[in-house]
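Being a predicted model, the structure only gives us computed values, none of them experimental.
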Number of protein chains: 2
Amino acid sequence: MMRLWSNRFVYRRMTTTGRRAGSGMNIGEIARRAGVSRSTVSYALSGKRQVSAGTRKRIMEVIDELGYRPNASARALAEGRTRTIGLVIPPASNRLTHMQLDFVASVVEVAAQADLDVLLSPSGGDHDRSFERLVSESRVDGVILMEIRIEDARVSRLRKARMPFVGIGHPSQDEQLCWVDVDYAGLIDHCVHHLADLGHRHVALLNRSPELVASGYGPGHRARAGFMQAVEERGLTGLELLCGDDARSGQECIAELLRSHPEVTALATVNEAALPGVQRALAEADRHIPRDFSISGVVADQWAEDFRPALTAADVPAATMAAQAMSLLIDRIKDPATPAQHLLMSPPITLRSSTAAAPPPGSADATPSADG
Amino acid sequence: MMRLWSNRFVYRRMTTTGRRAGSGMNIGEIARRAGVSRSTVSYALSGKRQVSAGTRKRIMEVIDELGYRPNASARALAEGRTRTIGLVIPPASNRLTHMQLDFVASVVEVAAQADLDVLLSPSGGDHDRSFERLVSESRVDGVILMEIRIEDARVSRLRKARMPFVGIGHPSQDEQLCWVDVDYAGLIDHCVHHLADLGHRHVALLNRSPELVASGYGPGHRARAGFMQAVEERGLTGLELLCGDDARSGQECIAELLRSHPEVTALATVNEAALPGVQRALAEADRHIPRDFSISGVVADQWAEDFRPALTAADVPAATMAAQAMSLLIDRIKDPATPAQHLLMSPPITLRSSTAAAPPPGSADATPSADG
DNA sequence: CCGGTTCGCCGAACCGGTTCGACTTCTCCG
DNA sequence: CGGAGAAGTCGAACCGGTTCGGCGAACCGG
């Protein structure tokens, strides 16, 4: 069991001939060239202790000359934080909606302003390894979790790992969860009231796909709830359409609606991707917007403006939501004990040109009769 | 100058009561509980040296029990690589096209399969700090650079930092650069030949926005080149339209085209985002697709299928491109001396329903006369 | 029974930063 | 002139991994 230690220095590696040759550009090299110690360079850069003006100037000159930037991994290891946040997005297979894309872009933008990097992780589907790496290998300081389901395994996983996070969307009832969401229920309710005010008595809700809603997708459920509430309050006849997230499904869905329920004169939608199809179906049935048929809903502003005629709709404020979520997250990273906050955003409905007074009773029935 | 060393052990920090309490979950803790040294745990995990079956089993049991995962920053520091790649995207202000989005999603997907993480960095615009962090702080092992311009400062920056990277798109002539691109010139040439074969004599190219093309945007320039070549080869009359990347611009652009050049009966497009507008403008002018007007071009397959009628077009194979780019990048990370490769992808043109034989001469002129 | 190999494990150096205690020097004040 | 206090710097420990040289024991053939 005895070991011979007399030769220990013989085997000591020389500092100057490390394992990797590397670029030799590290804080030690800067220190050497500036004739100070490594800690002094660190303090000159961070300002956490005073460094004399002369010394600082010398150090900065060396740094500028060599274009030195501290190594992110080493810094993360020492500081215990990565200056990176994780953005968990729905898997690419389920095509992202424009609203979601706006949101991703905004998060990256806002993060860049706060000098944070963003690590992207698709989750759901089969590749949860990426998500697992994020939470358990300390790759990020916090996480923004998109598209939270009513029951969501990832939420409990993040909690177990004590990883600060903010959700986009919110599960059923969970006071401790910190989230930002769009008030789909309130907005759709508002839209339907607007349509009722214009005299529409038979309205439809264009919801997301059957699978999505069945899997507990919050916006789908809440849009439905808001719709039902408003329909009941105003004594309307309401009809819900579950429609795939693409133009073709939209076209089929609306064509079917016009055929089977010609009395419907107005639509509230939360399904942006279906809109081009909605337009085609109405055009083919010779229903003019907004003269014969009104459309309103919750839509990314770009789509609302691109539609012809421009949509009267609640524009989802993706950039604001991203900024809010990031701000909440940064708070929770600083102090994990920060009480959970819930931000339910309720953007105003912008009046554009897709809604008008309901056509006089009977006229709607007459038009599509050519089709039947 | 003399220092008192007799007390050095008095001030030595105890290992068990470190600066941060932390979760105490590190390789040392695993080693302690399994009754082995840290290096043995490391080898048991990496398999880089043999570890006896019994020891390995004991270690793995402890690891599973505690749910241990090695710290990414520490590993990155020690290994000299981050297992992360950077994806440099155009700034969010310039809205991403569907093709680009498909590409981003595919990159994330492919990276996840290779157990790599993806760090997102918007560049261009004012926030180049993010890009700078990426290249100079060793945050990533390699970079995929989207939307390379004919002259691109980021390319030289990456080169100076000796950071392996692969471009999507390619600058004018640069043999050392490694890239993957779509053969816009060849594809548009092919499209125009197809239209010419159908008897069209007056064709237009729907290019991207004037600003984008002016700023040296490769696809714009190459689409133009391919268009001009084919027009010349077939003795056609060609017209180029520079059109903003949105439906409204598309509508205005095509409306103007139909008014001023009613003899044009076919369009080749590289501007997906304008397509809904193209459709509206043609419908308003009572030009039926494909009876009165043919459309072809380079379009993400989803858009091609969503269009009515479905577009005869070259579907950009975003997923394949992403996989190729990633594979190239991984090669260059492994061995930076790998010779640069250039992959010019030329997907087949899928025949759908938006192209047909040119209308007989004269009929095209007659239709829009009602408008004038 | 002995020298050489192989196997399995350990201790220490190292990656490149940050942070803390302590030392030297300089200044100010009684 | 001496002691207190502040300013500026340094050395070393530390973050949590990986990797390398080396050692003891078991195993081998002659």
Side-chain angles (χ1 to χ4, degrees), chain A residues 1-5 7-20 22-31 34-56 59 68-82 137-138, chain B residues 1-5 7-20 22-31 34-56 59 68-82 137-138:
Chain A
M1 201 52 95
M2 209 184 66
R3 301 212 178 141
L4 197 61
W5 286 119
N7 61 354
R8 62 185 293 190
F9 291 103
V10 174
Y11 295 109
R12 171 168 289 170
R13 294 195 200 93
M14 298 295 120
T15 306
T16 50
T17 61
R19 222 174 315 172
R20 280 183 299 282
S23 57
M25 265 252 295
N26 54 40
I27 201 171
E29 183 62 20
I30 303 293
V36 296
S37 74
R38 300 194 306 149
S39 49
T40 302
V41 175
S42 179
Y43 287 126
L45 278 170
S46 70
K48 293 189 179 171
R49 277 198 191 175
Q50 220 151 25
V51 170
S52 72
T55 306
R56 165 180 288 108
I59 292 174
Y68 164 79
R69 298 288 304 270
N71 178 293
S73 304
R75 194 210 287 255
L77 178 57
E79 281 188 319
R81 62 183 185 133
T82 59
E137 295 182 4
S138 305
Chain B
M1 199 53 90
M2 210 185 64
R3 298 206 180 146
L4 196 61
W5 288 120
N7 61 353
R8 63 185 292 191
F9 291 102
V10 174
Y11 295 110
R12 171 169 290 170
R13 294 194 200 94
M14 298 296 119
T15 306
T16 51
T17 61
R19 221 177 314 172
R20 280 183 299 281
S23 56
M25 267 251 295
N26 54 41
I27 202 171
E29 183 62 19
I30 303 293
V36 296
S37 75
R38 302 195 304 148
S39 50
T40 303
V41 175
S42 179
Y43 287 126
L45 279 171
S46 70
K48 294 190 180 172
R49 277 198 192 175
Q50 221 152 24
V51 171
S52 73
T55 307
R56 167 180 289 110
I59 293 174
Y68 163 81
R69 299 288 304 270
N71 179 292
S73 304
R75 193 210 286 255
L77 178 57
E79 281 188 319
R81 63 185 184 130
T82 59
E137 295 181 4
S138 306

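The two residues A:S138 and A:T82 make their nearest non-hydrogen contact at O-CG2, 3.4 Å. Closest heavy-atom contact between A:L45 and A:Y68: CD1-CE2, 3.9 Å. A:R38 approaches A:I27 most closely through the heavy-atom pair O-CD1, 3.8 Å. Closest of all the heavy-atom pairs between B:V51 and B:A44 is CG2-N, 3.8 Å.
Checking the phosphate oxygens (OP1, OP2) of C:dC10, a side-chain nitrogen or oxygen of B:T40 falls inside 4.0 Å. Contact check, B:S42 against D:dT18: a side-chain N or O comes under 4.0 Å of OP1 or OP2. OP1 or OP2 of C:dT18 has not a single side-chain nitrogen or oxygen of A:K48 nearer than 4.0 Å. Regarding contacts with the backbone of C:dG16, every side-chain N or O of A:Y68 stays at 4.0 angstrom or more from both OP1 and OP2.
Along DNA chain C, the nucleotide nearest to A:Y43 and the one nearest to A:N26 differ in position, and the one closer to the 5' end is contacted by A:N26. Residues B:V36 and A:R69 each lie close to DNA chain C; by heavy-atom proximity, the contact nearer the 5' end of the strand is made by B:V36. Mapping A:S52 and B:I27 onto DNA chain D by nearest heavy atom places A:S52 at the nucleotide closer to the 5' end.
Contact of the B:R75 side chain with the B:E79 side chain is registered, since non-hydrogen atoms from C-beta on lie closer than 4.5 Å. Here the side chains of B:I59 and B:T40 are in contact, with some heavy-atom distance below 4.5 Å.
Here the C1' atom of nucleotide D:dG16 and the CZ atom of A:R81 are 18 Å apart, to the nearest Å. In this structure, the CZ atom of B:R49 is 10 Å from the P atom of D:dT19, given to the nearest Å. Distance CG (B:L77) to C1' (C:dG17): 8 Å, rounded to an integer number of Å. Across the protein-nucleic acid pair, A:L45 atom CG and C:dG16 atom P stand 16 Å apart, rounded to whole Å. When rounded to the nearest whole Å, the span between CZ of A:R56 and P of D:dA7 equals 14 Å. To the nearest angstrom, P of C:dG17 lies 9 Å from CZ of A:R75. Counting to the nearest Å, the P atom of C:dC20 and the CD atom of A:E79 are 12 Å from each other. Distance, A:R38 CZ to D:dG11 P: 11 Å, rounded to whole Å.
Counting any heavy atom pair closer than 4.0 Å across all strands shown, A:Q50 reaches a base atom. A:T55 comes within contact range of the sugar-phosphate backbone alone, with a heavy-atom separation under 4.0 Å but no base atom that close.
Between the side chain of B:S73 and the base of D:dG17, no donor-acceptor pair under 3.5 Å is found.
Scanning DNA chain D for stems, defined as runs of 3 or more consecutive Watson-Crick or G-U wobble pairs whose donor-acceptor distances all fall under 3.5 Å, gives the following ranges: C:1-30 with D:1-30.
Of the listed residues (A:Q50, A:R56, A:K48), just one forms a side-chain contact (heavy atoms from CB on, under 4.5 Å) with A:Y43, and that residue is A:K48.
In this structure, the nucleotide among C:dG16, C:dG11, D:dG16 sitting nearest to the side chain of B:N71 is D:dG16.
Residues forming a side chain to side chain donor-acceptor pair (under 3.5 Å) with B:S73 (at least two apart in sequence, or on another chain): none.
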